[in-house]
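Computed from heavy atoms alone, side chains included, the values below leave out hydrogens, waters and symmetry copies. Index from 1, following the sequence.
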Amino acid sequence: MANNSYINAYKKAENSMNSVKSSHEIIRELMFRLANSMDKIVIDINEDSNNKFDYQNISKKELALNKSKNMTKSLSIIYGLQTCLDFDKSPEIAGNLFQLYEFARQKVISSFTKKDADGINQAITVIREILDGWQSIPMEERKL
């Protein structure tokens, strides 16, 4: 049964690869999804701290699961971004990006534990700045 889920995940990845045109677009999409999942953590933390568990019929247990899911997603994307860095081609840029991703990772972990939305917002700011820079790369400089 587990093999079927792996096969389905592979097929989904294969299909999504056909719709993505370049590594630039993949990184941009990952960063966009990272910022969105971190935004969701902030919303969940704020709802939890305001005791708004009845918001859209969400129980405290469901809220905890949502927070955990969004944190796991955020950390997985950060890990993926870190492992994609090419330290051979551009060691200085890769090193700087690694440190920024690591800052975001540490903020997500510590802020999640402390239920501190401000810390995650700091990480979101960093990720959005990187994303803005990534999106400002001229089309002709984006490699396939």
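- Here the CG-CG distance, from Asn121 to Asp116, works out to 8.5 Å after rounding to the nearest 0.5 Å.
- Smallest separation of non-hydrogen atoms from Ile45 and Ser111: CD1-O, 4.1 Å.
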Quiz item: How far apart are the C-alpha atoms of Val126 and Tyr101, what are their side-chain angles, what is the distance that settles it, and do they pass the side-chain contact (heavy atoms from CB on, under 4.5 Å) test?
Solution: CA-CA 8 Å; Val126 168; Tyr101 295 146; over 6 Å; no
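- Note that OG1 of Thr72 and CD1 of Ile77 are 11.0 Å apart. Values are rounded to the nearest 0.5 Å.
- Residues Met38 and Ile124 come closest through the heavy atom pair CB-CG1, 3.5 Å.
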Quiz item: side-chain contact (heavy atoms from CB on, under 4.5 Å) between Met71 and Ile109: does it pass, once the steps are laid out?
Solution: CA-CA 8 Å; Met71 180 184 156; Ile109 292 169; 4.2 Å; yes
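- Within the 3.5 Å criterion, the main-chain N or O of Leu65 finds no donor-acceptor partner in the side chain of Ser68.
- Hydrophobic clustering (ILVMFWY, side-chain heavy atoms < 4.5 Å, transitive): Ile137 and Leu131 are in one cluster.
- Not a single donor-acceptor pair under 3.5 Å links the side chain of Trp134 to the backbone N or O of Ile27.
- Dense packing is recorded around CZ of Phe87, with more than 12 heavy atoms of other residues, nucleotides or ligands lying under 6.0 Å away.
- Following chains of ILVMFWY side-chain contacts shorter than 4.5 Å, one cannot reach Tyr79 starting from Ile41, and the two form parts of different hydrophobic clusters.
- For the atom pair CZ of Arg33 and OG of Ser76, the computed distance is 13.0 Å after rounding to the nearest 0.5 Å.
- For the pair Asn70 and Ser37, the tightest heavy-atom approach, listed with the atom from each and the gap, is CB-O, 3.7 Å.
- The side chain to side chain donor-acceptor pair (under 3.5 Å) check on Lys69 picks up nothing, with sequence neighbours excluded.
- Separation of atoms CD1 (Ile127) and CZ (Phe103) is listed at 9.5 Å; rounding is to 0.5 Å.
- Lys107 contributes atom NZ, which lies 9.5 Å from atom CG of Asp118 (distance to the nearest 0.5 angstrom).
- Shortest non-hydrogen contact noted between Ser74 and Val108 is CB-CG1, 4.5 Å.
- Shortest non-hydrogen contact noted between Leu81 and Met31 is CD1-CG, 3.9 Å.
- In this structure, CD1 in Ile78 is found 12.0 Å from OG1 in Thr83, a value given to the nearest 0.5 Å.
- By the 4.5 Å heavy-atom criterion applied to side chains, Gln135 and Asp132 are counted as neighbours.
- The pair Arg128-Asp39 counts as a salt bridge, with a side-chain nitrogen and a carboxylate oxygen less than 4.0 angstrom apart.
- In this structure, Leu85 and Ala94 approach most closely via the heavy-atom pair CD1-O, 3.4 Å.
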